[in-house]
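Notes follow once the structure below has been shown.
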Amino acid sequence: MKKHTSRSMSGILLTALLSQFHALAEESVAGAERLGSDAIVRAFADVRDDAQVQDTAGTSAVNYWYADGRFTNRWTNTSGTGEVGGRWRVANDERCTTILSGLPSRQGKEICAPIYRRGETYLSLNPDGSIHGIHRLTPLTQQQ
């Protein structure tokens with residue numbers, strides 16, 4: 001009989017946790033279509049994004065995603081308001097954002113996560129698989 005080492009037990013535990021993580025992520029986007037890289041670029045290039053942020057209750061945001069890779073975010077909730085700016089790109093079928101201003105704790109750190117579409121809305125996920133935002137996109141006009 002083979003004796004389990006602490007290293008192999010850690011591997012077993014990690015595998016079990018990852019399995020639970022993937023199950024929760026799949027459950028949160030049930031009925032939605034995961035977008036590939038090309039579809040993410042088409043959906044988010046030069047659009048206004050009215051979003052309901054799920055991370056903090058009662059938070060709404062207006063985002064502008066530009067085809068040249070810039071984005072701005074203006075958020076509001078009962079605690080206050082703020083503005084964030086940064087860069088976005090698409091890699092490996094995920095949208096990646098890097099905050100450049102407005103959120104010091106995330107500044108300079110790239111975070112990538114999948115995007116899903118459910119009907120007319122888009123779902124962005126957090127790295128843990130939970131839904132970050134529910135987005136309604138409209139094309140930018142010349143004035144915007």
Side-chain angles (χ1 to χ4, degrees), residues 4 6-144:
H4 287 290
S6 62
R7 177 176 256 174
S8 66
M9 291 303 288
S10 296
I12 293 168
L13 180 58
L14 179 60
T15 300
L17 288 173
L18 285 173
S19 177
Q20 288 178 338
F21 162 77
H22 290 296
L24 286 172
E26 288 175 14
E27 183 178 307
S28 71
V29 294
E33 169 195 4
R34 182 172 176 168
L35 300 183
S37 292
D38 291 341
I40 294 170
V41 169
R42 281 192 307 276
F44 283 86
D46 290 332
V47 295
R48 175 186 164 131
D49 167 9
D50 292 283
Q52 293 300 311
V53 180
Q54 305 300 292
D55 298 338
T56 306
T59 300
S60 60
V62 176
N63 306 296
Y64 291 92
W65 302 94
Y66 299 100
D68 67 3
R70 295 175 296 125
F71 77 88
T72 62
N73 164 283
R74 290 179 186 90
W75 60 268
T76 186
N77 62 30
T78 57
S79 300
T81 62
E83 187 168 332
V84 174
R87 306 275 313 155
W88 74 283
R89 69 186 187 98
V90 175
N92 301 317
D93 297 329
E94 295 184 333
R95 186 184 64 192
C96 302
T97 58
T98 303
I99 305 277
L100 300 177
S101 64
L103 193 57
S105 65
R106 286 250 336 263
Q107 196 163 321
K109 299 173 187 170
E110 182 176 68
I111 295 180
C112 300
I115 301 289
Y116 288 79
R117 182 175 182 168
R118 182 183 291 150
E120 295 300 313
T121 61
Y122 293 82
L123 308 172
S124 60
L125 300 189
N126 291 308
D128 69 1
S130 62
I131 295 176
H132 166 70
I134 301 170
H135 310 267
R136 293 199 177 273
L137 308 179
T138 55
L140 291 179
T141 63
Q142 294 290 56
Q143 295 86 351
Q144 296 171 313

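For reference, positions follow the sequence shown, starting with 1.
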Backbone of Ala91 reached by a side-chain donor or acceptor of Ser37 within 3.5 Å
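No.
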Within the distance-only criterion (no hydrogens, no angle test), does the side chain of Glu120 pair as donor or acceptor with the backbone N or O of Arg118 below 3.5 angstrom?
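Between the backbone of Arg118 and the side chain of Glu120 there is no qualifying donor-acceptor contact (under 3.5 Å).
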Around atom CG of Asp68, are there more than 12 heavy atoms of other residues, nucleotides or ligands at under 6.0 Å?
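It does: Asp68 CG has more than 12 such atoms within range.
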To check you understand the geometry: which heavy-atom pair defines the closest contact between [X] and [Y], and what is its length?
| X | Y | answer |
| --- | --- | --- |
| Gln52 | Ser60 | NE2-CB, 3.6 Å |
| Arg48 | Leu140 | N-CD2, 3.6 Å |
| Ala61 | Val53 | CB-CG2, 4.2 Å |
| Trp75 | Gly80 | CZ3-O, 3.5 Å |
| Asp93 | Arg34 | O-NH2, 3.4 Å |

Taking C-beta and beyond as the side chain, do Ile131 and Leu125 meet within less than 4.5 Å on heavy atoms?
yes
Using side-chain heavy atoms (C-beta onward) and a distance below 4.5 Å, is Asp49 in contact with Val62?
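No, too far: nothing below the 4.5 Å cut-off.
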Out of curiosity, [X] [atom1] to [Y] [atom2], how far, rounded to the nearest 0.5 Å?
| X | Y | atom1 | atom2 | value |
| --- | --- | --- | --- | --- |
| Arg136 | Asp50 | CZ | CG | 9.5 Å |
| Asn63 | Trp88 | CG | CH2 | 12.0 Å |
| Thr98 | Ile111 | OG1 | CD1 | 8.5 Å |
| Leu100 | Gln107 | CG | CD | 7.0 Å |
| Ser130 | Leu123 | OG | CG | 11.5 Å |
| His132 | Ile115 | NE2 | CD1 | 9.0 Å |

Test Gln54 against Ile134 for side chain to side chain contact (heavy atoms under 4.5 Å, CB included), laying out the working first.
CA-CA 8 Å; Gln54 305 300 292; Ile134 301 170; 3.7 Å; yes
Under the side chain to side chain contact (heavy atoms under 4.5 Å, CB included) criterion, do Leu137 and Tyr122 qualify, and how do the steps go?
CA-CA 8 Å; Leu137 308 179; Tyr122 293 82; 3.4 Å; yes
Does one side chain, of [X] or [Y], offer a donor that lies under 3.5 Å from an acceptor on the other?
| X | Y | answer |
| --- | --- | --- |
| Thr56 | Asn77 | no |
| Thr121 | His135 | no |
| Trp65 | Asp46 | no |

Distance flag, aromatic centroids of Phe71 and Phe44, threshold under 6.0 Å
no
Basic-acidic side-chain contact under 4.0 Å: Glu33, Arg117
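So Glu33 does not pair with Arg117 through a salt bridge.
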One thing to verify: whether Arg89 and Glu94 come together as a salt bridge, which I'm taking to mean a side-chain N less than 4.0 angstrom from a carboxylate O.
no
For Tyr66 and Tyr64, take the angle between the two ring planes, folded into 0 to 90°, and tell me which bin it lands in: parallel under 30, tilted 30 to 60, perpendicular over 60.
parallel
